Structure formats: C-alpha cells, structure tokens
Amino acid sequence: MAASSQPRQATYDAIVIGAGIQGSFAAYHLAQRHRDTLLLEQFILPHSRGSSHGQSRITRSAYPRALYARMMPDSFRLWQRLEAEAGASLYRRTGLVVLGPVGNPELEGCRHSLGADHVLDATMLARHFPGLRLHTGEVAMWDDTGGVLFADRALRAVQDVFRRHGGTLRDGEKVLRIEPGAVLTVPTTAGVYRAPRLIITAGAWTGALVAPLGLRLPLQPLRINVCYWREREPGSPSAGRTSPCFMAVGLSQAPHGVYGLPALEYPGLVKVCYHHGSPADPEERDRALPGAPRPEVALLSSFISSYLPGLEPWPAVVETCLYTNTPDEDFILDRHPKFSNIIIGAGFSGHGFKLAPVVGKLLCELSLGEEPSHSMAPFAITRFPGVLRAVL
Ligand SMILES: Cc1cc2nc3c(=O)[nH]c(=O)nc-3n(C[C@H](O)[C@H](O)[C@H](O)COP(=O)(O)OP(=O)(O)OC[C@H]3O[C@@H](n4cnc5c(N)ncnc54)[C@H](O)[C@@H]3O)c2cc1C
C-alpha cells in the first residue's frame, strides 16, 4: 500500500521534544503516570550528534555542590528501578577517586558530601588505584558508590520501558516550531501534534528552539574531545579495566577538571577527558579546521604524563560529544515564564547523565502541576539577568 502523503495529526496528553537521556526519562515518568505521551527526536535513533551517546558516563555520590549531592540517593534508586524494569545491567560499581589540592573549595564540597573519613592515605590510594600519582599538597578521597553507567544501553532501556508503558516515540522527525496555547501545536517534518503540555529537552538545540518563544537562554554548546589512552603495558592493573573512575578538581594546569573511566569500551584504552571544550554550533559540530590546535588534548597529554604514567601520553582514539553549559553550570529546569504549560530542561553542563532519572521526574512533576520532589530554586530561568526582558 502506498504511504500517505498527508502529514500525521494526533493529540496527546503530553509531548516531549528531544529523545536524549533527559527527554527520554521525562517521557518515561509521564508514561508511568498513565499520560499518553509523544517523544519526538529529529534524528533516526540511535545517533551520535547530541550529548547522550557513547558507552559510558560516571556516576557518584561525591559532588562539589550540596544541591546535587542531595539528589543522588534518589537517582541511584531510580537507576536501580530502571535496571529491574528493563532487565538490563546499566551500572558497574568501580569506586571513584576524587583528587585535588588540599583546601580546594570543590574538593571540600566533595568531602562534605561524602564525610571526612573518606580521605585516602598513601597506602590506601596505592591499593585502590596503583597507577595514579599524587603530588605535594594534593589529597585524594574515596567514593565507594562511584561507577560507570552504560550510556547507550541506558538510553535504549529507558526508551523501551517508555514504549512498554504505552508511550509513542517518533524518531527522524524534527520539530519545526512550537505554537503556544492552552493546547499547544507542534508541527514537525512529518506531522502536526497537539497536547496541553510540552517538555523541551533539546540539548544543544534548545536555545534555537525557544528563541521564537521570546526566551534568550544563556546556553553555550561546547564541542568536547572524548579521548582514550592506551596502556603502556596491556592488562596492567595500574590504570586498566579494574581501575576505579576518577576526577581531578582545582588543578591550576586543568582548571575545569579532568575525569577518567576504566578501560571498558575499547580493550586497553582508558577514557580520560577534560571537562571543557570549544564553543560550537551543534549544526556545525564537525567543522573544525584540519590541523587546528586542540588545546584540551595537549592539556590532557600533560596531565597523563604527570598523573597516569602507565598510559601513553597521546590519545589512541578521539571522539566528539557536546556539552551545553550555563554560566553557573547549574541546570535549567523550569516553566517558560510566560507560557506555563511549556517546561524546559536544559544546560546540563556536562554532568547531567547520572541525574537524568531525577531530572525526568522533576520535569514530569512540573508539567503535571505537582509539587516538585526537590528544591527548584537553583534551576530557575530567572536567575539569569536579561532572559525575562526578552519574553514576548
Ligand atoms: C563527553 C561527555 C562526557 C560526559 N560525561 C558525563 C559523566 O561522566 N557523568 C554525567 O553525569 N554526565 C556526563 N555528561 C553529560 C551528559 O551526557 C549530558 O548532560 C546529557 O547527555 C544531556 O542530555 P540531553 O538529553 O539534555 O541532551 P541530548 O542527548 O543532546 O538530547 C537532546 C535531543 O534533542 C534532539 N532535538 C534537538 N532539537 C530537536 C528538534 N527540533 N526536534 C526533535 N528533536 C530535537 C537532539 O537530536 C537530541 O537527541 C557527559 C557529556 C559528554 C558530551
């Protein structure tokens, strides 16, 4: 039978734009509450153009900011629930070492979130992570809950459970614009959909999508070099498959922080990345000039030589991902200031994956007009000057 050339038309209880990890969890929570939900994704799934692709993300209890530390127990619990519902293993507990200069405020925040007895002496550090070198004036802490979330597998799992609860996922369908109203209209490249509530979780594309709604959000997409480093001695316990995750904060040579994960994705290659990148338009992400300098990779090479001498100091694999940063690196989770049935989740600033089950729950609660289960003040749109003045 010939395919109809008519665009699809349908009405739902809720529409979610963007099937990255945040939108997929928001849709999952809505479907679990028996709301007929449409999740729209511009690319055919799976894809690697946004922020949620790849094999691994770090999760942890250690957090420099108490507001996120308070959300983590809820997040661990919800990840476990998804594992049970999907019948999939999504998390591997490896432990996490946090290191930095004594007295550094971010490190102190992590120490506070963990408790003072988590400081590692030299013997304990050598036992947990023999390949990691500390320098004079630096200290390390141990987060026993730290580990790896299997990102691609997790995204698939949450989308599968969403569909099992009756949700509709349409990929390869780009939202062209949003027409506000008591019942919103959302035209896409293949249809026109309506719903009384809308959640926008469009990652690095969020700024462009909400601009016609009179919002100028201070969102900066960054292109991130995802680097994998070869072990000098394959299978060595010093920095390999059995190592914990780590994060280094407050180092003058790496002011935005460095993090690493064991060699799980490519045999013998340890993932070590700089927690920052270069400003990028998501549509032009791969247009870096050939041979252009990559300061983040040079910085990482120097970090590897100094802290992880068991690895070769040049990357064996470099992949690309996007962060979408806010000026304070806190998330945006809020209603549109004028159109209260439009909810926005954005600006996850490179640390949103582990918290996605809670973020999705909060976005769902906001969209249903329920009391959010965590304090929302730190995530308000109006904390940024100039955003409201631009509202239509
Ligand atoms: C290299 C790297 C390492 C990271 N490491 C960690 C970590 O260790 N721990 C951690 O907690 N977090 C980490 N993060 C951060 C985390 O991965 C992100 O915060 C999270 O994936 C953001 O998800 P998202 O759903 O907001 O964005 P995305 O995954 O980009 O999803 C947005 C989706 O919206 C779609 N979309 C956009 N516009 C439209 C439209 N008009 N119509 C339809 N669909 C549209 C896009 O195609 C995209 O699929 C890391 C990120 C990167 C890049």
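No experiment lies behind these values; they were computed from the predicted model shown. For ligands, and for the atoms within them, numbers begin at 1 and follow the listed sequence.
Within ligand 1, the atoms closer than 4.0 Å to a non-hydrogen atom of Gly352 are 11 (O), 12 (N), 15 (C), 19 (O), numbered from 1 in the order shown. The atoms of ligand 1 that sit less than 4.0 Å from any heavy atom of Thr201 are 32 (C), 33 (C), 34 (O). The ligand atoms of ligand 1 that sit less than 4.0 angstrom from a heavy atom of Phe43 are 47 (O). Near Tyr323, with a cut-off below 4.0 Å to any heavy atom, the atoms of ligand 1 are 2 (C), 50 (C), 51 (C), 52 (C), 53 (C). Below 4.0 Å from some heavy atom of Gly50 lie the following atoms of ligand 1, by number and element: 30 (O). Atoms of ligand 1 lying under 4.0 Å from any heavy atom of His351, numbered from 1 in the order shown and given with element: 10 (C), 11 (O), 12 (N), 15 (C). For ligand 1 and Val226, the ligand atoms under 4.0 Å from any heavy atom of the residue are 1 (C). Within ligand 1, counting atoms from 1 as listed, the ones closer than 4.0 Å to a heavy atom of Ile21 are 20 (C), 21 (O), 23 (O), 25 (O).
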Just do the side-chain contact (heavy atoms from CB on, under 4.5 Å) check on Arg35 and Leu368 with the steps written out, would you? CA-CA 10 Å; Arg35 296 318 197 277; Leu368 296 177; 3.7 Å; yes
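Taking the six-membered ring for Trp and thresholds of 30 and 60 degrees, His256 and Tyr274 have ring planes more than 60 degrees apart, a perpendicular arrangement. Note on ring orientation: taking the six-membered ring where Trp is involved, the planes of Trp79 and Phe353 are parallel (angle under 30°, cut-offs 30° and 60°). In this structure, Phe303 and Tyr307 have parallel ring planes: the angle between them is below the 30° cut-off, well short of the 60° mark.
For the salt bridge (Lys or Arg N to Asp or Glu O under 4.0 Å) test, no residue two or more places apart in sequence or in another chain qualifies with Glu83.
Of the candidates Ala151, Ser349, Cys321, the one placing a heavy atom closest to atom 52 (C) of ligand 1 is Cys321. Heavy-atom proximity to atom 31 (O) of ligand 1, evaluated over Gly360, Ala19, Gly20, is greatest for Gly20. Nearest to atom 38 (N) of ligand 1 by heavy atom, out of Tyr274, Trp205, Phe348, Tyr259, is Trp205.
For atom 29 (O) of ligand 1, the closest heavy atom belonging to the protein is Ser52 OG, 2.5 Å. Looking only at protein heavy atoms, the nearest one to atom 8 (O) of ligand 1 is Ile58 N, 2.7 Å. Looking at atom 15 (C) of ligand 1, its nearest protein heavy atom turns out to be Gly350 C, 3.5 Å. With respect to atom 6 (C) of ligand 1, the closest heavy atom belonging to the protein is Arg57 CD, 3.2 Å. Given atom 22 (C) of ligand 1, the protein heavy atom at minimum distance is Ser51 CB, 3.8 Å. If you check which protein heavy atom lies closest to atom 44 (N) of ligand 1, you get Gln42 N, 3.0 Å. Here the heavy atom of the protein found nearest to atom 35 (C) of ligand 1 is Glu41 OE1, 3.3 Å. Closest protein heavy atom to atom 25 (O) of ligand 1: Gln22 N, 3.1 Å.
When non-hydrogen atoms are compared, ligand 1 lies under 4.0 Å from the backbone of Glu173 (N, CA, C, O) but not from its side chain. Both the backbone and the side chain of Lys354 come within 4.0 Å of ligand 1, counting heavy atoms alone. The part of Leu322 lying near ligand 1 is the backbone, judged by heavy-atom distances below 4.0 Å. Proximity of Leu149 to ligand 1, defined as any heavy-atom pair under 4.0 Å, is not found for any part of the residue.
Taking the ring centre of Phe150 as origin, the terminal cationic atom of Arg153 falls inside the region bounded by 6.0 Å and 45° from the ring axis. In this structure, Arg164 is not positioned above the aromatic face of Phe162 in the sense of NZ or CZ being under 6.0 Å from the six-membered ring centre and within 45° of the axis.
A side-chain N or O of Tyr323 and one of His275 form a donor-acceptor pair less than 3.5 Å apart. For the 3.5 Å distance criterion, the side chains of Asn225 and Glu296 qualify, holding a donor opposite an acceptor.
Leu125 and Val258 fall within a single hydrophobic cluster, where Ile, Leu, Val, Met, Phe, Trp and Tyr side chains are chained together by heavy-atom contacts under 4.5 Å. At a threshold of 4.5 Å between side-chain heavy atoms, the hydrophobic network of Ile, Leu, Val, Met, Phe, Trp and Tyr places Val297 and Leu222 in two separate groups.
Residue Lys174 has no nitrogen or oxygen atom sitting less than 3.5 Å from a nitrogen or oxygen atom of ligand 1, judged on distance alone. Between Ile17 and ligand 1, no pair of N/O atoms sits closer than 3.5 Å. In terms of polar-atom proximity, defined here as any N/O pair under 3.5 Å, Val175 does make such a contact with ligand 1. Between Gly203 and ligand 1, no pair of N/O atoms sits closer than 3.5 Å.
For Ser61 against Leu114, the heavy-atom pair with the smallest separation is CB-CD2, 4.3 Å.
The side chain to side chain donor-acceptor pair (under 3.5 Å) pairs that include a residue from residues 174-184 are Arg177-Glu179, where partners are two or more places apart or lie in different chains.
Using a 4.0 angstrom heavy-atom cutoff, Glu319 does not count as in contact with ligand 1.
Screening His112, Lys354, Arg70 for a side-chain hydrogen bond (donor to acceptor under 3.5 Å, both in side chains) with Tyr63, the sole residue that qualifies is Lys354.
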